[in-house]
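Treat the numbers as computed from the prediction; the structure is a model and nothing was measured. Chain naming here is simple, since letters A, B, ... match the order of the sequence lines and numbering starts at 1 in each.
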Amino acid sequence: MARSEEAENFFHAVYSAVQEIPPGKVTSYGHIAKLIGTPERPRQVGICLKHLPVDTTERFHHDNVPWQRVINAKGAVSPRSQPAGARNQAAALEAEGVTVTTGALGELMVDFGEFGWFPRVLPSEEGQGLGDSDEDGEEGSGEDES
DNA sequence: GTTATGACTTTGT
DNA sequence: GACAAAGCCATAA
């Protein structure tokens with residue numbers, strides 16, 4: 001039944017979460033998955049971005065959703081099976097002001113300490129999201145754990 | 001209609 | 001600390 005609508009809602013939530021990402025910052029799939037209420041389904045988040053409509057007539061499209069700011073938990077962009085696409089994503093991130101390091105293996109590792117990581121807290125919002133629940137957080141460099 | 005793959009993460013050894 | 005395996009949903013063949 002509403003599976004289709006649920007799926008659409010899932011997509012919508014992912015796009016909204018990605019749109020909420022401020023410029024100069026990046027987030028991971030698991031993060032968005034958690035934001036939308038599915039911390040156990042990060043894969044679907046990637047699928048959502050993969051199916052991100054390029055049609056500017058849609059509510060969300062490639063030009064409106066900074067999907068490039070979404071990276072994997074390893075702190076590097078996903079090669080997805082096409083280094084060109086990943087590299088393009090890295091180039092876009094650099095254009096945003098994000099420092100991306102190219103590994104010898106062709107891994108595009110994102111350098112955090114330079115811009116900071118997107119807050120990993122749940123604004124407790126759903127649906128509308130976009131709230132400004134700016135948790136502020138710590139931003140300071142070195143927040144990450146390691 | 002079924003099988004296989006994918007823009008990943010988490011847990012276990 | 002590092003490597004390996006399992007799980008999820010949707011698209012494509």
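Between His61(A) and Val54(A) the shortest side-chain heavy-atom distance does not fall below 4.5 Å. Looking only at side-chain heavy atoms (C-beta outward), Asn64(A) and Gln19(A) come within less than 4.5 Å of each other.
For Glu96(A), the side-chain hydrogen bond (donor to acceptor under 3.5 Å, both in side chains) criterion is met by Arg69(A), not counting sequence neighbours. Scored by the side-chain contact (heavy atoms from CB on, under 4.5 Å) test, Pro53(A) finds Tyr15(A), Glu58(A) as partners (sequence neighbours excluded). For Gln89(A), the side-chain contact (heavy atoms from CB on, under 4.5 Å) test picks out Trp67(A), Gln68(A), Ile71(A), Val77(A), Leu93(A), with sequence neighbours left out.
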Distances under 3.5 Å only, N/O to N/O: pair up the protein atoms with those of nucleotides 9-13 of chain B.
from, atom 1, to, atom 2, distance (Å)
dT9(B), OP1, Ala73(A), N, 2.2
dT9(B), OP2, Ala73(A), N, 2.8

Are there any protein N/O atoms within less than 3.5 Å of an N/O atom in nucleotides 11-13 of chain C, and if so, which ones and at what distance?
none

Side chains of residues 38-52 of chain A: which donor-acceptor pairs under 3.5 Å do they make with residues two or more places apart or in other chains?
from, atom 1, to, atom 2, distance (Å)
Thr38(A), OG1, Ala33(A), O, 3.1

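The backbone N or O of Gly75(A) sits less than 3.5 Å from a side-chain atom of Asn72(A), completing a donor-acceptor pair.
Computed from coordinates, the Leu52(A) CG to dC9(C) P distance equals 21 Å when rounded to whole Å. Distance, Trp67(A) CH2 to dG6(B) P: 17 Å, rounded to whole Å. Summarising the geometry, the separation between CD1 on Ile21(A) and C1' on dA7(B) is reported as 14 Å, rounded to the nearest angstrom. Following rounding to the nearest Å, Gln44(A) (CD) and dT5(B) (P) show an atom-to-atom distance of 17 Å.
Taking atom C1' on both nucleotides, dC3(C) is separated from dA7(B) by 23 Å, rounded to a whole Å.
Annotation for Ala17(A) and Ile36(A): closest pair CB-CG2, 4.4 Å, computed over non-hydrogen atoms.
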